[in-house]
Amino acid sequence: MRKSAYYVTTPIYYVNDSPHIGHAYTSLACDVLARFQRLDGHSVLFLTGTDEHGQKVEKSAAAAGWPPKEFVDEVSGRFRQLSELMNYSNDDFIRTTEARHIRSCQELWRRIAANQSPQGRDNIYLDTYGGWYSVRDEAFYGEAELIKDADGGRLAPSGAPVEWVEEPSYFFRLGDWRQRLLDYYGAPGSGTVMPESRHNEVVSFVEGELFDLSISRTSFSWGIPVPGDDAHIMYVWLDALTNYVTAAGFPDEESETYKTFWPADLHMVGKDILRFHAVYWPAFLMAAGLALPKRVFAHGWWTNEGEKISKSLGNVIEPADIVERYGLDQVRYFLLREVPFGNDGDFSHRAMVGRINSELANDFGNLAQRVLSMINKNCAARMPQAAELSEADKELLDAAHGLSGRVRGEITENHAFHEALNEIWVVVRMANGYVAGQEPWALKKTDPERMATVLYVAAEAIRHLAILAQPFMPESCAKMLDQLGVPADGRDFSCLGPEGAVKPATELPPPEPVFPRFVDDAAED
RNA sequence: GGCGGGGUAGCUCAGCUGGUAGAGCAGUGGAAUCAUAAUCCAUGGGUCGCAGGUUCGAGUCCUGCCCUCGCUACCA
């Protein structure tokens, strides 16, 4: 019997920016989720991609002296490279400039326009939009938001200059969908918007007055034309959000992909773009008559050594730099272990090294190394055979066998990646305590059969740990499983439990440390 | 200003529906020596932000105050 399908998305990243730790973080969380679900027997669609339209992109391209399409090809490529660098397992990489997406967007618009709001009015109507507009920010601002410069002129909150602009615009009847949105969110704890504090924020926002949304522009052309009115292009958010249904096959609703994967199980987003995903997007979908995503999760942001990250401060964290310095799986581990997922976190060298040395090298890596070394030296490099199991043996094995359930809940239900890792490490520590308590090095002389049992039990515990840690650290865990003699087809979650145990006498390769300690440069302060 | 959160051991934080405070890290003292000088055991008397209140009894409920964070619409 096939388990249910799972569709998880990252936001599509705006090509006006270059990849940084924030992008890496969002995608990493999705990657771990996607890998976990695959190992757990689900068929998965894991989507990421790039958002390539909008005035800012048009201007950046012009400034670079490139046609927009060439410009976005270049920058989009950098995000593809990020996926490779970070070892993401995305099944698709969508670009909003692709034909499939343009077709999808225009069809979605037509559907929204063809339908009426719950109040029986057209969802889309033509009107005039006027406001203080900042080209640099690509945003309209309300009078109250503006700040005054030295000469009493108006500036955007960002300090960018603004100008009064009026243009014809199509509007979306967002206000009419208010109650339907509230119904969608449900009570706190419904899991539609997570974490719960974000759910509350979204609900309180929607409970207030909802204004209709301007969803087209005429002042520039780098975008998707509005069906039936080429003078307009679609508002970038409507364009961007639609990627999620595009990749699911829309508008081919009879396609296998669409039937399997839509609606999405989870849109993972940074907290800064929660509203677009939790308010506008479901409203657009309802208006188009499509099913709604099951969940939106907003995670937090990173600081660097306690400082807010900004280009002007020059402290942007580039994924390639930290991967080179600390190692890929080490970075993947750290990002999801250091901070309760959903909260803001701080990236510091000290914390990074602490996690690498204390938890990866000393706790987990050394556990595998000490056990595998003893097997290598004392069991002729073959998986030992267990004799009768003691209470201590059973206690450790029970903990290992029970681990998957707890980890599954933390990852797939709560998205508490830090807790999932914590659960795994509880058993890592337990296994170290078990080895210390059983003293297989002493049993070597007094009771070799018992020694073999202890090493077998320890190896079996490590097998469970490595299998469950795979979504977080795929390469390192693969190495560990290689050393444990676990065949390539014996590494998914159906192989957890006693039935999946490595056959006694299986030949094992010489063990090598999987997680090296991080040694600071002498020059480091 | 309005609405949500938070303020607990040096650090990061747990503490369902109230009953004399916990984990990890760091520190200290032991043990062990299989292993990446890794591991294991023991050790945490902290006004649980402040002041009141309810209660036999309150980090755990109520009131007020202080501090702090987030949201308060069309920037990805």
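Here is how names work: the chains are called A, B, and so on, in the same order as the sequence lines, proteins then strands, and each is numbered from 1.
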Report summary line: The answer to which of Ala361(A) and Glu439(A) contacts RNA chain B further toward the 5' end, by nearest nucleotide, is Glu439(A)
Report task. Could you let me know what G1(B) is paired to, Watson-Crick or G-U wobble, both distances under 3.5 Å, or none if it's on its own? Result -> U72(B)
Query raised in the report: Just how far, in rounded Å, is P of A38(B) from CZ of Arg355(A)?
Result: 17 Å
Query - ring-ring contact (aromatic ring centres under 6.0 Å, His included) between His299(A) and Phe341(A), worked out - result: CA-CA 6 Å; His299(A) 69 246; Phe341(A) 195 68; 5.7 Å; yes
Query raised in the report: For A35(B), does OP1 or OP2 lie under 4.0 Å from any side-chain N or O of Trp441(A)?
Result: no
**Report entry** Base partner of U54(B), which must satisfy Watson-Crick or wobble distances under 3.5 Å
**Finding:** none
**Report entry** Rounded P spacing from G1(B) to A9(B) in Å
**Finding:** 29 Å
Report summary line: Checking C34(B), A38(B), A76(B) against the side chain of Arg370(A) (C-beta onward), the nearest is C34(B)
Query raised in the report: Under a 4.5 Å cut-off applied to non-hydrogen side-chain atoms, are Glu318(A) and Ser18(A) in contact?
Result: no
Query raised in the report: OP1 or OP2 of C71(B) sitting under 4.0 Å from any side-chain N/O of Lys271(A)?
Result: no
**Report entry** Partner of Phe284(A) by ring-ring contact (aromatic ring centres under 6.0 Å, His included), out of Phe276(A), Phe172(A), Trp237(A), Trp109(A)
**Finding:** Phe172(A)
Query raised in the report: Over how many whole Å does the gap from Tyr456(A) atom OH to C34(B) atom C1' extend?
Result: 20 Å
Query raised in the report: Which whole-number value in Å describes the distance from Met430(A) CE to C40(B) P?
Result: 12 Å
Requested in this report: Write down the distance separating the C1' atoms in G57(B) and C66(B), rounded off to the nearest Å.
Outcome: 28 Å
Report task. Starting at atom CZ of Phe205(A), determine the distance to atom P of C3(B), rounded to an integer number of angstrom. Result -> 18 Å
**Report entry** Phe364(A) CZ - G24(B) P separation (whole Å)
**Finding:** 19 Å
Report task. Could you state the atom-to-atom distance from CG of Asn200(A) to P of C71(B) in whole Å? Result -> 14 Å
Requested in this report: Locate the shortest heavy-atom distance separating Asp212(A) from Gly175(A); write the atom from each residue and the value.
Outcome: OD1-N, 3.2 Å
Query raised in the report: Just checking, is any N or O donor in the side chain of Thr218(A) or Glu167(A) under 3.5 Å from an acceptor N or O on the other one?
Result: yes
**Report entry** Span that lies between the P atom of C11(B) and that of C16(B), in whole angstrom
**Finding:** 23 Å
Requested in this report: Please give the nucleotide sitting opposite U39(B) as a Watson-Crick or G-U wobble pair, both distances under 3.5 Å, or none.
Outcome: A31(B)
Query raised in the report: Under the rule syn = chi within 90° of 0, otherwise anti, which is G4(B)?
Result: syn
Requested in this report: To the nearest Å, give me how far apart CZ (Arg337(A)) and P (C25(B)) are.
Outcome: 10 Å
Query raised in the report: What is the pairing partner of G59(B), taking Watson-Crick or G-U wobble pairs with both distances under 3.5 Å in any strand?
Result: none
Query raised in the report: OP1 or OP2 of A38(B) less than 4.0 angstrom from a side-chain nitrogen or oxygen of Arg517(A), does that happen here?
Result: yes
Query raised in the report: For the pair made of CD1 in Ile356(A) and P in C25(B), what is the distance, rounded to whole Å?
Result: 17 Å
Requested in this report: Over all heavy atoms of both residues, which pair between Ile12(A) and Ala240(A) is shortest? Give the atoms and the distance, please.
Outcome: CD1-O, 3.4 Å
Report summary line: Of the candidates C34(B), C71(B), C25(B), the side chain of Ser358(A) sits closest to C25(B)
Query raised in the report: For A23(B), which nucleotide in any strand shown is its Watson-Crick or wobble partner with both distances under 3.5 Å?
Result: U12(B)
**Report entry** Given U36(B), A38(B), C34(B), the nucleotide with the shortest approach to the side chain of Pro513(A)
**Finding:** U36(B)
Report summary line: Between Asp212(A) and Glu201(A), whichever has its closest RNA chain B nucleotide further toward 5' is Glu201(A)
Query - Nucleotide opposite G46(B) in a Watson-Crick or G-U pair, distances under 3.5 Å - result: none
Report task. Can you check whether any acceptor in the base of A35(B) is under 3.5 Å from a donor in the side chain of Asn366(A), or vice versa? Result -> yes
Query raised in the report: Using a distance-only test with no angle check, is there a side-chain donor-acceptor pair under 3.5 angstrom linking Ser83(A) and Asn90(A)?
Result: yes
Query raised in the report: When the C1' atoms of G10(B) and G45(B) are considered, how many whole Å apart are they?
Result: 16 Å
Report task. Would you mind classifying the nucleic acid contact of Gly433(A) as base, sugar-phosphate or nothing, using non-hydrogen atoms under 4.0 angstrom? Result -> sugar-phosphate
Query raised in the report: Choosing from C75(B), C34(B), U36(B), which nucleotide comes nearest the side chain of Lys56(A)?
Result: C75(B)
